[in-house]
Amino acid sequence: MKTRTTMMLSSAIEIATGLALFAVPDLVAHVLLGTGLSDSGIAVARLAGCGLLSLGLACWTGDDKPTPSATRALFVYNLLAGLYLGYLRFGGEFVGLLLWPACALHVVVALLLARPAYGTFQRA
């Protein structure tokens, strides 16, 4: 898969997730983690939604070639998100319906971005 296609896919997913977290954070938590959120958890989830929306928009490549900083940002985010979601399943015993698929998707996207991101780290 081309880097641009991977970047567009990852950006679109982060934009959609950010919008969902902002609009219905309790539902996202329920399908992802299998649990609801407290009032403070809803506030933090909405803030995280703003961050994911911003990340997705900042890394959206459009017709241009992906920038090195956007490639690195999405690589690091997907790697850490995949590892953390896996940790939540094993260490935190969360069992949401979408936890494994989300974990796998983040790891796959991170693997697809690893080589292009590595090249940008060398040039930086």
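This one's a predicted model, so the numbers in the text were calculated from it and none came from an experiment. Keep in mind that the numbers below use all heavy atoms, side chains included, and drop hydrogens, waters and symmetry copies.
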> Should Leu57 and Leu19 be counted in the same cluster of Ile, Leu, Val, Met, Phe, Trp and Tyr side chains packed under 4.5 Å apart?
Replying inline: yes
>> Among residues at least two apart in sequence or on other chains, which ones pass side chain to side chain contact (heavy atoms under 4.5 Å, CB included) with Leu79?
In response: Phe75, Leu83, Ala110
> Taking all non-hydrogen atoms of both residues, which atom of Thr3 and which atom of Pro116 are closest, and how far apart?
Replying inline: OG1-CG, 3.3 Å
> Hey, what else clusters with Val107 if you join Ile, Leu, Val, Met, Phe, Trp, Tyr whenever side-chain heavy atoms sit under 4.5 Å?
Replying inline: Leu111
>> If the condition is ring pair (Phe, Tyr, Trp, His ring centres under 6.0 Å), which residues does Phe22 pass it with, not counting sequence neighbours?
In response: none
> For Ala29, what residues pass the side chain to side chain contact (heavy atoms under 4.5 Å, CB included) criterion, not counting sequence neighbours?
Replying inline: Leu37
>> Show me the pairs that pass ring pair (Phe, Tyr, Trp, His ring centres under 6.0 Å) and involve residues 26-63, at least two apart or across chains.
In response: none
>> Looking at every heavy atom in both Asn78 and Ser10, which two are closest together, and how far apart are they?
In response: ND2-OG, 3.0 Å
>> Restricting to non-hydrogen atoms, name the atom on Thr61 and the atom on Met7 that form the minimum distance, rounded to 0.1 Å.
In response: CG2-CB, 3.9 Å
> Can you get from Leu98 to Leu27 by hopping between Ile, Leu, Val, Met, Phe, Trp and Tyr side chains that sit under 4.5 Å apart?
Replying inline: yes
>> List the residues meeting side chain to side chain donor-acceptor pair (under 3.5 Å) with Thr6, not counting sequence neighbours, and say none if there are none.
In response: none
> Do Ile15 and Val31 share a hydrophobic cluster (ILVMFWY, side-chain heavy atoms under 4.5 Å, transitive)?
Replying inline: no
>> As an exercise, state the distance from CG of Leu47 to CD1 of Ile42, rounded to the nearest 0.5 Å.
In response: 14.0 Å
>> Show me the pairs that pass side-chain hydrogen bond (donor to acceptor under 3.5 Å, both in side chains) and involve residues 80-90, at least two apart or across chains.
In response: none
> Do you reckon Leu32 sits in the same ILVMFWY cluster as Leu53, going by side-chain contacts under 4.5 Å, direct or chained?
Replying inline: no
> Looking at residues at least two apart in the chain, or sitting in another chain, which of them share a side chain to side chain contact (heavy atoms under 4.5 Å, CB included) with Val44?
Replying inline: none
> Do any pairs count as a side-chain hydrogen bond (donor to acceptor under 3.5 Å, both in side chains) and have a residue in residues 44-56, sequence neighbours left out, and if so which ones?
Replying inline: none
> Going only through I, L, V, M, F, W and Y residues with side-chain contacts under 4.5 Å, is there a path from Leu55 to Val109?
Replying inline: yes
> Do you know which two heavy atoms are closest between Gly49 and Leu21, and how far apart they sit?
Replying inline: CA-CB, 3.7 Å
> Which atoms form the tightest heavy-atom contact between Ala73 and Cys59, and what is the distance?
Replying inline: CB-SG, 4.3 Å
> Rounded to the nearest 0.5 Å, what separation is found between the NZ atom of Lys65 and the NZ atom of Lys2?
Replying inline: 12.0 Å
>> Minimum heavy-atom separation for Leu74 and Ser11, please, with both atom names.
In response: CD1-OG, 3.7 Å
> What pairs with Phe94 under side chain to side chain contact (heavy atoms under 4.5 Å, CB included), at least two apart in sequence or on another chain?
Replying inline: Leu33, Thr35, Leu88, Leu99
